[in-house]
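Here is the structure we will look at, set down as structure tokens.
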Amino acid sequence: MLARQRQAVILEEARRTGAVRVSDLVSRLGVSDMTIRRDLDVLAGRGLVEKVYGGATTATGGSRLDTCAETRLRHEAIAAEAARRVRPGQAVGLSSSPVTNVLARALDPVPNLTVVTNSLTVADIAAASAQPDRVVILTGGMRGGSDVLVGPLAVQSLRGLHVDLVFLGVYGICERAGFTVPNLTESEADRALVGTGRSLVVLADHTRWATVGISTVAALSEADVLISDDGLADTARDALSAHVGELAIVPVRRRGERA
């Protein structure tokens, strides 16, 4: 794995959980602790993380709990808007990402729904639905990350499937690179999932703008809908509106604000 790929994985994990440990990254990425520390130095030099003893935290200026809570609120708002677009009787595809995990829970009230995914977490959530007619299709494949199935079997199992909506969570959004993820094998599975859908809905909060992962899943123009939060800058909104079919901006209730 190239340094840029490792750093993208490290940054994604830091943003997802609020903090990373050197020891965990050494085990996950199969490199030395010195390599991980150099990667953290690079990310810290770019202002993307803050180094702490034994690892790093996201560079937000706030506490880890604050960061996680704010991210959760953004994901919940985005997932609620995505779930509003799903109708009973439809088939939907969900990629593996923190925001699609939240969406899987938000879809629980929808009856007669078929969920196609390569995410073990999404599959578990969907299978626990209170809806007796919920159908869950989990692809085969190798376990590529903490909860995702990848590789030729995952790609092959998606071929020939057809769903109404694909909900794609992404690592980064860029005008030039499009929608990107930090892992090559995951991007192959994501592209196969995108190919099953009549409509592509991308779920990405404002922190994903101007971030580029190692591999492109889809061009901006391939998104029928992009759902983001109201923290997205006006310049980013203008740029995205020129490419995606629909840019849906959802308001997010900040911590301390009354509902």
Side-chain angles (χ1 to χ4, degrees), residues 1-16 43 46 48 71 74-75 78-79 81-82 85 92-101 103 116-119 122 144-145 148 150-151 154-155 158-159 163-250:
M1 182 181 289
L2 299 175
R4 182 180 176 185
Q5 292 175 274
R6 286 197 312 273
Q7 291 157 18
V9 171
I10 292 169
L11 182 58
E12 168 69 6
E13 184 66 12
R15 285 176 169 172
R16 185 177 71 85
L43 293 172
R46 292 165 57 192
L48 298 173
T71 299
R74 292 196 298 269
H75 286 177
I78 290 170
E81 173 60 23
R85 296 167 181 265
V92 297
L94 273 67
S95 73
S96 174
S97 74
V99 69
T100 50
N101 292 344
L103 173 58
V116 177
T117 187
N118 67 327
S119 165
V122 168
V148 62
V150 298
V155 172
L158 288 164
R159 289 175 181 164
V163 303
D164 298 287
L165 299 166
V166 169
F167 293 99
L168 178 68
V170 297
Y171 167 78
I173 309 172
C174 171
E175 277 194 278
R176 177 185 58 82
F179 301 110
T180 61
V181 294
N183 184 286
L184 290 172
T185 55
E186 288 186 24
S187 72
E188 292 174 350
D190 282 346
R191 280 194 291 270
L193 182 62
V194 168
T196 68
R198 289 196 304 160
S199 182
L200 173 62
V201 182
V202 177
L203 311 179
D205 70 29
H206 73 273
T207 65
R208 304 300 172 173
W209 173 250
T211 299
V212 181
I214 191 67
S215 183
T216 296
V217 176
L220 297 186
S221 59
E222 294 181 64
D224 297 283
V225 182
L226 169 60
I227 305 176
S228 191
D229 66 274
D230 55 6
L232 191 67
D234 289 341
T235 53
R237 298 188 193 195
D238 292 341
L240 289 168
S241 295
H243 296 285
V244 302
E246 175 191 350
L247 177 61
I249 301 296
V250 296

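Basis for what follows: all heavy atoms, side chains included, without hydrogens, waters or symmetry-related copies.
Between the D164 side chain and the V92 main chain, no donor and acceptor come within less than 3.5 Å of each other. A distance-only check finds no donor-acceptor pair linking the side chain of T216 to the backbone of F179 [under 3.5 Å]. Counting only distance, with no hydrogens or angles, the side chain of T185 and the backbone of G151 share no donor-acceptor pair below 3.5 Å. A donor-acceptor pair under 3.5 Å links the side-chain atoms of S95 to the main chain of G169, judged by distance alone. Between the side chain of S97 and the main chain of T100, a donor-acceptor pair closer than 3.5 Å is present. At least one donor-acceptor pair under 3.5 Å links the side chain of T180 to the backbone N or O of G213. Checked by atom type and distance alone, the side chain of R74 never pairs as donor or acceptor with a backbone atom of G231 at under 3.5 Å. In this structure a side-chain-to-backbone donor-acceptor pair under 3.5 Å is missing from S241 to D238.
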**OP:** Applying side chain to side chain contact (heavy atoms under 4.5 Å, CB included), run through L220 and L240 and close with a yes or a no.
**Re:** CA-CA 8 Å; L220 297 186; L240 289 168; 4.1 Å; yes
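Annotation for V163 and G93: closest pair CG2-N, 4.0 Å, computed over non-hydrogen atoms. Nearest heavy atom pair, residue V170 against residue A204, reads CG2-CB, 3.9 Å. For the residue pair A189 and L158, the shortest heavy atom distance occurs at O-CD1, 3.7 Å. Among all heavy-atom pairs drawn from V212 and C174, the shortest one is CG2-CB, 3.7 Å. What you find for L200 and A218 is that their closest heavy atoms are CD2-CB, 4.3 Å. Across L247 and V244, no two heavy atoms sit closer than the pair N-CG2, 4.0 Å.
Put simply, the side chain of L168 does not reach to within 4.5 Å of the side chain of V201, judged on heavy atoms. Looking only at side-chain heavy atoms (C-beta outward), V250 and I78 come within less than 4.5 Å of each other. V225 has its side chain out of reach of V202: every pair of non-hydrogen atoms, C-beta onward, lies at least 4.5 Å apart. Between R198 and L165, the closest side-chain pair of non-hydrogen atoms is not below 4.5 Å. Proximity of D205 to H75: side-chain heavy atoms (C-beta onward) are separated by under 4.5 Å at one or more points. T207 is not listed as a side-chain neighbour of T71, based on a closest heavy-atom distance of 4.5 Å or more. Looking only at side-chain heavy atoms (C-beta outward), R85 and I227 come within less than 4.5 Å of each other. With a 4.5 Å cut-off on side-chain heavy atoms, I249 and R237 count as touching.
Salt bridge E12/R208: present, at least one basic N to carboxylate O contact under 4.0 Å. Between E186 and R191, no side-chain nitrogen of the basic residue sits less than 4.0 Å from a carboxylate oxygen of the acidic one, so the salt-bridge criterion is not met.
With sequence neighbours excluded, the residues forming a side chain to side chain contact (heavy atoms under 4.5 Å, CB included) with A3 are R6, Q7, D39, listed by chain and number. Here T117 pairs with L94, S119, V122, A123, L138 under the side chain to side chain contact (heavy atoms under 4.5 Å, CB included) rule; sequence neighbours left out. In terms of the side chain to side chain contact (heavy atoms under 4.5 Å, CB included) criterion, residue partners of T211 (sequence neighbours excluded) are, by chain and number, R15, Y171.
Within the model, atoms CG of L203 and OG of S228 stand 10.0 Å from one another, a figure rounded to the nearest 0.5 Å. Rounding to the nearest 0.5 angstrom, the gap separating the CG atom in L184 from the CG atom in L2 is 8.5 Å.
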